[in-house]
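Read through the structure below, which is laid out as structure tokens, and then see the notes.
As the structure is a prediction and not an experimental result, all values here were calculated from the model. Side chains included, hydrogens not; waters and symmetry mates left out as well; all remaining heavy atoms used. So that the names make sense, note that chain A is the first sequence line, chain B the second, and so on, each numbered from 1.
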2 protein chains.
Amino acid sequence: MNRDFAGLLHQTGLKATHSRISVLEIIADRDAAISQPTLEKMMGDEVDRVTLYRILKTFEEKGIVHKVIDLHGTANYAICSSQCSVHEHHDEHFHFNCTNCDKVYCLNDLHLPAIQIPQGFVTSSVSLSITGVCKNCNQQS
Amino acid sequence: MNRDFAGLLHQTGLKATHSRISVLEIIADRDAAISQPTLEKMMGDEVDRVTLYRILKTFEEKGIVHKVIDLHGTANYAICSSQCSVHEHHDEHFHFNCTNCDKVYCLNDLHLPAIQIPQGFVTSSVSLSITGVCKNCNQQS
DNA sequence: TACATAACGCAATAATGTTGCATTTTATTA
DNA sequence: TAATAAAATGCAACATTATTGCGTTATGTA
């Protein structure tokens with residue numbers, strides 16, 4: 001994982017502020033997508049809540065992170081793979097939602113066979129979401 | 001589609017109130033899942049907002065409707081197929097999200113090949129969500 | 001170091017979701 | 001059909017989540 005967050009921000013025409021770099025550090029340190037509420041708690045007083053909303057929105061627009069809505073309708077964020085760009089995100093997203101710890105794992109290496117959809121419908125992206133219990137939580141019990 | 005909503009409610013041990021029947025009528029009349037906000041608007045003054053929340057929650061618990069979270073994190077509701085029961089909902093849900101009209105279509109007839117997930121992860125349900133433009137919206141443009 | 005602009009923090013407001021409690025409705029049975 | 005118990009509703013209050021406007025601060029550049 002590239003750790004030159006300032007460089008990454010500059011590449012996309014964004015200023016490298018402390019807040020933005022902190023957010024990137026937290027997101028990048030995870031093996032799973034992080035929820036907006038969790039992120040908010042972790043940032044604490046370091047960043048205003050409104051600023052966090054704006055940072056995440058900007059990151060998403062610039063293709064730096066991607067947003068995944070979990071089972072409960074909560075937004076989760078993960079660093080985009082290199083395949084994502086500003087204009088074209090990778091169009092297949094696979095995630096695993098753990099019902100125990102609520103983590104969202106990106107399963108980017110999966111590949112799905114072609115899906116037959118009804119006549120007249122046009123697909124732009126496909127998202128597969130698996131619910132269950134993750135490796136960590138299984139081991140603990 | 002069974003239209004004996006009072007009977008359906010009695011079967012599950014619920015009282016057949018005007019509000020509940022209205023909600024069922026609206027949901028059943030659709031070819032797609034309906035969002036909570038849309039439902040709220042359609043009910044207008046007929047049902048209190050709090051009551052609507054409670055009705056939907058109860059319906060979901062009893063297996064009368066199922067909830068689908070759409071792209072935006074908004075709850076959408078659709079009548080459960082006969083395969084759903086109180087204790088065991090059908091564990092594969094396939095939906096199509098239209099980015100133009102925001103409707104959510106249930107694609108219940110699709111079948112997915114087995115999915116290989118990483119070691120240690122246990123699957124309880126699978127949900128496939130396709131984003132694009134629906135038949136209606138394609139015809140209009 | 002000075003400057004223009006982007007980004008931030010704060011306050012206010014909107015939208016969404018939840019809880020407690022008094023009142024009303026429903027289904028039942030006398 | 002009237003009386004009754006339990007369930008469901010409506011209202012008020014509150015909690016949480018998300019958005020907007022605007023003055024101030026930080027960033028990158030010349």
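In the helix from C/dT1-D/dA30 to C/dA30-D/dT1, the terminal helix axes, each the rotation mapping four pairs' C1' atoms onto the next four within five end pairs, subtend 30°, rounded to 10°.
Residues A/Val65 and A/Leu56 share a closest heavy-atom pair of CG2-O, 4.3 Å.
Listed by chain and residue number, B/Asp48, B/Arg54 satisfy the side chain to side chain contact (heavy atoms under 4.5 Å, CB included) test with B/Val50 (two or more places apart in sequence, or in another chain). In terms of the ring pair (Phe, Tyr, Trp, His ring centres under 6.0 Å) criterion, A/Phe94 has no residue partners (sequence neighbours excluded). In terms of the side chain to side chain contact (heavy atoms under 4.5 Å, CB included) criterion, residue partners of B/Leu71 (sequence neighbours excluded) are, by chain and number, B/Asn97, B/Thr99, B/Thr131. Applying the side chain to side chain donor-acceptor pair (under 3.5 Å) test to A/Asp45 and every residue at least two apart in sequence or in another chain returns nothing. Applying the side chain to side chain contact (heavy atoms under 4.5 Å, CB included) rule to B/Thr38 yields the partners B/Arg30, B/Ile34, B/Ser35, B/Met42; only residues at least two apart in sequence or on another chain are considered. In this view, B/Arg49 and B/Glu40, B/Tyr53 satisfy the side chain to side chain contact (heavy atoms under 4.5 Å, CB included) rule, not counting sequence neighbours. In terms of the side chain to side chain donor-acceptor pair (under 3.5 Å) criterion, B/Thr17 has no residue partners (sequence neighbours excluded).
Of the charged side-chain nitrogens involved, at least one lies within less than 4.0 Å of a carboxylate oxygen, so that B/Asp29 and B/Arg3 count as a salt-bridged pair.
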(request) Give the B/S/- string for nucleotides 20-30 of chain C, one per nucleotide from 5' to 3', where a protein heavy atom under 4.0 Å of the base yields B, of only the sugar-phosphate yields S, and otherwise -. (result) B-----BS---
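For the pair B/Lys57 and A/Asp48, nearest-nucleotide mapping onto DNA chain C gives the more 5' position to A/Asp48.
First and last contacts of DNA chain D with chain A, using any nucleotide atom under 4.0 Å from a protein heavy atom and ordered 5' to 3', fall at D/dT17 to D/dG28.
Using a 4.0 Å heavy-atom criterion, one finds that A/Ser19 contacts the sugar-phosphate atoms exclusively.
The closest side-chain heavy-atom distance from A/Glu46 to A/Ser22 is below 4.5 Å.
For residues 112-133 of chain A, the set of pairs meeting the ring-ring contact (aromatic ring centres under 6.0 Å, His included) definition, not counting sequence neighbours, comprises A/Phe121-B/Phe96, A/Phe121-B/Tyr105.
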Contact list (N/O, under 3.5 angstrom) for nucleotides 13-17 of chain C vs protein:
| unit_1 | atom_1 | unit_2 | atom_2 | d |
| --- | --- | --- | --- | --- |
| C/dG17 | OP2 | B/Tyr53 | OH | 2.7 |
| C/dG17 | O5' | B/Tyr53 | OH | 3.4 |
| C/dG17 | N7 | B/Arg49 | NH1 | 3.2 |
| C/dG17 | N7 | B/Arg49 | NH2 | 3.1 |
| C/dG17 | O6 | B/Arg49 | NH2 | 3.2 |

